[in-house]
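One structure below.
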Amino acid sequence: MIRVSVVGAKGRMGSHVVEAVNGAADMQLALALDAGDDLTAITPDNTDVVVEFTVPSVSLGNVLALVRQGVDVVVGTTGWADEKLDQVRAALDGAPRESQTVFIAPNFAISAVLADHFAKVAAPYFESAEVIELHHPTKVDAPSGTAIHTAQAIGEARRAAGLGEMPDATQTDGGSRGQVVDGVHVHAVRLRGLNAHEEVLFGNAGEQLVIRADSFDRISFMPGVLLAARKVASGAYPGLTVGLDHFLDL
Ligand SMILES: NC(=O)C1=CN([C@@H]2O[C@H](COP(=O)(O)OP(=O)(O)OC[C@H]3O[C@@H](n4cnc5c(N)ncnc54)[C@H](OP(=O)(O)O)[C@@H]3O)[C@@H](O)[C@H]2O)C=CC1
Ligand SMILES: O=C(O)C1=N[C@H](C(=O)O)C[C@H](O)C1
């Protein structure tokens, strides 16, 4: 049995994770903690893997504390800029247990992971690319972690293909052109009724490719979360890994 503790257990995602772990035949819920609870209660004696879904402002601190406490962590919270990832790598270098693991995924839904993958494949073939993410209005960060990850992947693929800047004659911009991530414009929509959605638009003269992923329900993230918990618990991925694509045969 894989013993799983959940941090952020009362949140929208955390509560789904608690339910998913309780429903998994090979897993057992250890601790379910939320804001105000004592994280030091989680130790290797009671937990194999922690699943962390909190808020970007506290996630790094939680992950560093959990690594110091000797447990492996699966992280779904957003906000992982490069400097934060470096801090996690440094903490893992000094971790108390051999081969400790932190796994971070901007998105656990298979539709989003595949959209990201297909965008990377398409990127070298188009002159223009833009990302639009659309979410529920209770989301605290914009643009989404997924959209940042997609834009970075497109930017990287364009550089590797030797593509230059995208055509754009805009001279006045009051913010309408979105945030530029790695040379790619990213636009965020917040709308009651939505959950988590992303469109990647590619354009050439006379043609367009649209890649779209829709998570209508948070249940869509759960197979990916459980897969990550199993992979991490296997001990086969020591150190820091970012992205569910590492666990899929893409
Ligand atoms: N990777 C993925 O596939 C997905 C990632 N996400 C990301 O996951 C994160 C959580 O999203 P969501 O569940 O919607 O957010 P919620 O606000 O619903 O949940 C966050 C929970 O964390 C709690 N919390 C806050 N601070 C702490 C702390 N220091 N220690 C423990 N718990 C704490 C909050 O408590 P309180 O409300 O009392 O402050 C709340 O219960 C976001 O960053 C979101 O973008 C979301 C969906 C999918
Ligand atoms: O807050 C959300 O809901 C989501 N957050 C993640 C993100 O910012 O990419 C993943 C998904 O889009 C849902």
Side-chain angles (χ1 to χ4, degrees), residues 5-20 31-42 50-66 69 71 73-81 84 102-116 119 131-153 179 181 186-200 212-229 232 241-248:
S5 286
V6 181
V7 174
K10 292 183 182 164
R12 288 180 288 264
M13 283 299 291
S15 53
H16 274 79
V17 175
V18 166
E19 211 173 297
L31 291 105
L33 305 183
D34 206 81
D37 292 335
D38 180 11
L39 222 55
T40 62
I42 299 176
V50 179
V51 177
E52 207 272 3
F53 276 99
T54 59
V55 282
S57 56
V58 306
S59 187
L60 173 66
N62 284 350
V63 173
L64 296 180
L66 291 163
Q69 283 158 223
V71 287
V73 196
V74 167
V75 187
T77 313
T78 45
W80 291 94
K84 290 187 178 183
V102 172
F103 173 74
I104 302 174
N107 203 307
F108 285 97
I110 188 70
S111 54
V113 177
L114 287 176
D116 207 63
V131 178
I132 306 170
E133 56 93 335
L134 311 90
H135 279 83
H136 55 95
T138 41
K139 183 167 176 57
V140 296
D141 54 320
S144 71
T146 308
I148 292 172
H149 194 251
T150 307
Q152 287 170 337
Q179 180 176 330
V181 178
V186 179
H187 312 268
V189 175
R190 296 293 173 263
L191 205 70
R192 182 72 70 203
L194 295 182
N195 184 35
H197 317 261
E198 181 172 292
E199 268 190 16
V200 190
R212 181 171 172 121
D214 294 284
S215 272
F216 300 112
D217 191 299
R218 291 185 180 85
I219 201 162
S220 61
F221 303 113
M222 294 307 121
V225 172
L226 297 186
L227 172 68
V232 167
T241 302
V242 179
L244 199 71
D245 50 313
H246 292 280
F247 298 155
L248 303 173

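For the numbers below, each heavy atom of this structure counts, side chains included, while hydrogens, waters and symmetry mates do not. Numbering of ligands and ligand atoms starts at 1, following listing order. Quick note: residue numbers are just sequence positions, from 1. A quick note: this is a predicted structure, and the numbers were derived from the prediction, not measured.
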Any luck finding a side-chain donor-acceptor pair between [X] and [Y] under 3.5 Å?
X	Y	value
Thr146	Glu133	no
His136	Asn195	no
Asn107	His149	no

What protein heavy atom is closest to [atom], reported as residue, atom name and distance in Å?
atom	result
atom 24 (N) of ligand 1	Ala35 CB, 3.8 Å
atom 30 (N) of ligand 1	Asn62 ND2, 3.7 Å
atom 17 (O) of ligand 1	Arg12 NH2, 3.7 Å
atom 4 (C) of ligand 1	Phe53 CE2, 3.6 Å
atom 19 (O) of ligand 1	Gly11 CA, 3.3 Å
atom 26 (N) of ligand 1	Val58 CG2, 3.7 Å
atom 3 (O) of ligand 1	Phe108 N, 2.8 Å
atom 45 (O) of ligand 1	Lys139 NZ, 2.9 Å

Report yes if [X] has an N/O atom closer than 3.5 Å to an N/O atom of ligand 2; otherwise report no.
X	value
His136	yes
His135	yes
Thr146	yes
Ala147	no

Heavy-atom pairs closer than 4.0 Å: do any link ligand 2 to the side chain of Ser144, the backbone, both, or neither?
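Both backbone and side chain of Ser144 come within 4.0 Å of ligand 2.
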Does Pro106 approach ligand 2 within less than 4.0 angstrom via side chain, backbone, both or neither, non-hydrogen atoms only?
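Backbone only.
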Please could you name the atoms of ligand 1 that [X] approaches to less than 4.0 Å, counting only its heavy atoms?
X	answer
Asn107	1 (N), 2 (C), 3 (O)
Val7	31 (C)
Thr77	8 (O), 9 (C), 43 (O)
Met13	13 (O), 46 (C), 47 (C), 48 (C)
Gly8	22 (O), 32 (N)
Lys10	41 (O)
Gly76	1 (N), 2 (C), 4 (C), 5 (C), 6 (N), 7 (C), 8 (O)

Does an N or O anywhere in [X] fall below 3.5 Å from an N or O of ligand 1?
X	answer
Pro106	yes
Ala109	no
Ala105	yes

Any heavy atom of Met13 closer to ligand 2 than 4.0 angstrom?
no
Between Thr78 and Val140, is a side chain to side chain contact (heavy atoms under 4.5 Å, CB included) present by the stated rule, with each step listed?
CA-CA 10 Å; Thr78 45; Val140 296; over 6 Å; no
Could you tell me which atoms of ligand 2, counted from 1 in the order shown, lie closer than 4.0 angstrom to a heavy atom of [X]?
X	answer
Gly145	7 (C), 8 (O), 9 (O)
Ala196	11 (C), 12 (O), 13 (C)
Asn107	10 (C), 11 (C), 12 (O)
Thr78	6 (C), 7 (C), 8 (O)

For ligand 1, is any non-hydrogen atom under 4.0 Å from Leu39's backbone (N, CA, C, O), its side chain (CB onward), both, or neither?
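Near ligand 1, Leu39 shows nothing, with every heavy atom at 4.0 Å or more.
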Non-hydrogen protein atom less than 4.0 angstrom from atom 37 (O) of ligand 1
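Looking at atom 37 (O) of ligand 1, one finds that no protein heavy atom lies closer than 4.0 Å.
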Considering only heavy atoms, which of [options] lies nearest to [atom]?
atom	options	answer
atom 4 (C) of ligand 2	Lys139, His197, Glu133	Lys139
atom 43 (O) of ligand 1	Leu244, Val113, Thr78, Asp141	Thr78
atom 11 (O) of ligand 1	Asp38, Asp34, Thr54, Val17	Thr54

